[in-house]
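Reckoned from all heavy atoms, side chains included, excluding hydrogens, waters and symmetry mates. Values in this document were obtained by computation on a predicted structure and should not be read as measured data.
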Amino acid sequence: MSASSNSPSVLYDAPGPRARVRNAVMAIVFGALLVVLIGWVVMLLDDAGHLTAAKWSPFVTDSRVWTTYLLPGLMTTLTAAFFAIVIALPLGAILGVARLSDHGWIRRPAGAIVEFFRAIPVLILMLFANEAYAMFTDVARENRPLYAVVTGLVLYNASVLAEVVRAGILSLPRGQSDAARAIGMRKNQTMRFVLLPQAVTAMLPALVSQLVVIVKDTALGGAMLGLNDLLRQTTLISANYGANIIASMTVVALIYIVLNFLLTSFASWLEGRIRRGKRGSGAVVATDPGELLELETPPKQAPDIRTSGTAGPIDPSGPALSGESGDRP
């Protein structure tokens, strides 16, 4: 184990005995208060009749709740999230790389776009896009909420992803760029073949968290624009089946949890695969410096003594040169 692993962190001091006892007491008290709060909320819901079997039975006894409402709503949510992710990821990468350009006419407009759309709430972007589609396009009324949600998500999240890409590239050691320039690579080649491939692994956790945000923000379209997503289905189920709105929202919340868990699990698997691929690829490393020298340096040919004016090659069996007459003392 290295010495650095045993040294305390500069950002956190290891607690002493009294601090550990105090932290344990605070954790126990907080846990007890949380249990009491949950029990009190459950008791209130039970007294109001929200936890009766009749409020929850449609989700397990009637398949039409799923085929008519929940599954179509899930497909709409996934469709909006898919198009937003597919458009926002490359657009954010382009804007992030553009912000690192040496040319001011590229860097400044890209920075202005990123800062402008990142500062506006995504709901305002959705509402503005919905009105713009209604006034300046011939998009059908039933398709307009989906277009507006995708547009708002793309504008906002592309700006956020641009900062993620820029930070990931800047986090790499400067020696990577210097080494690429030393072998004659242009800046666009350095960015495409050296910096971006290495920055992907560093950016992946932040990218995944932003993709989760995209999936969750689709619910704003159901709440404000009438998009037939998962959130809007809660009111439709309650109106048609008499089910409790709390039960409907609980089921929808569980679906969102499963979606985000699958997304983060896939991203964790992908990150591990990328890291293992980077460790497994590369040149063969010699264990002995002599082996490395032999691998890199071709063997030298023995000089031909006949070309240097000597009568013949060296005879390894004796000190005399073959081809000469007489013996040497």
Main-chain N/O of [Y] paired to [X] side chain as donor or acceptor, under 3.5 Å:
| X | Y | result |
| --- | --- | --- |
| Glu163 | Ser159 | no |
| Thr77 | Leu230 | yes |
| Ser101 | Val97 | no |
| Thr218 | Val215 | yes |
| Asn130 | Met126 | no |
| Trp66 | Phe59 | yes |

Can you list every pair that meets ring-ring contact (aromatic ring centres under 6.0 Å, His included) and has a residue in residues 113-136, with sequence neighbours left out?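 ring-ring contact (aromatic ring centres under 6.0 Å, His included) check on residues 113-136 returns Tyr133-Tyr147.
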Go through the structure and list residues passing side-chain hydrogen bond (donor to acceptor under 3.5 Å, both in side chains) with [X], not counting sequence neighbours.
| X | result |
| --- | --- |
| Asn143 | none |
| Tyr156 | none |
| Asn228 | Arg232 |
| Arg107 | none |

Nearest 0.5 Å, please: how far is [atom2] in [Y] from [atom1] in [X]?
| X | Y | atom1 | atom2 | result |
| --- | --- | --- | --- | --- |
| Leu91 | Asn157 | CG | CG | 10.5 Å |
| Ile87 | Phe82 | CD1 | CZ | 9.5 Å |
| Leu263 | Ile85 | CG | CD1 | 6.5 Å |

Sequence-distant partners of [X], salt bridge (Lys or Arg N to Asp or Glu O under 4.0 Å), two or more places apart:
| X | value |
| --- | --- |
| Glu115 | Arg99, Arg118 |
| Asp46 | none |
| Arg64 | Asp62 |

Which pairs pass side-chain hydrogen bond (donor to acceptor under 3.5 Å, both in side chains) with one or both residues in residues 256-268, sequence neighbours excluded?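 Qualifying pairs, neighbours excluded: none.
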In the hydrophobic clustering that connects Ile, Leu, Val, Met, Phe, Trp and Tyr at side-chain heavy-atom distances below 4.5 Å, which members other than Leu254 occupy its cluster, ordered by chain and number?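 Noted: Leu254 shares its cluster with Ile257.
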Using a 4.5 Å cut-off between side-chain heavy atoms of Ile, Leu, Val, Met, Phe, Trp and Tyr, which other residues end up in the same hydrophobic cluster as Ile106?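 Ile106 shares its hydrophobic cluster with Trp105.
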Trp40: ring-ring contact (aromatic ring centres under 6.0 Å, His included) partners, not counting sequence neighbours: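 Listed in chain order: nothing, the list is empty.
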Tell me, yes or no, whether the heavy-atom count around Met224 atom CE, taken from other residues, nucleotides or ligands under 6.0 Å, exceeds 12.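 No, because the 6.0 Å sphere around CE of Met224 holds 12 heavy atoms or fewer from other groups.
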Start with the C-alpha gap between Val149 and Leu220, add the side-chain angles, then the distance that decides, and say whether side-chain contact (heavy atoms from CB on, under 4.5 Å) holds. CA-CA 8 Å; Val149 168; Leu220 295 174; over 6 Å; no
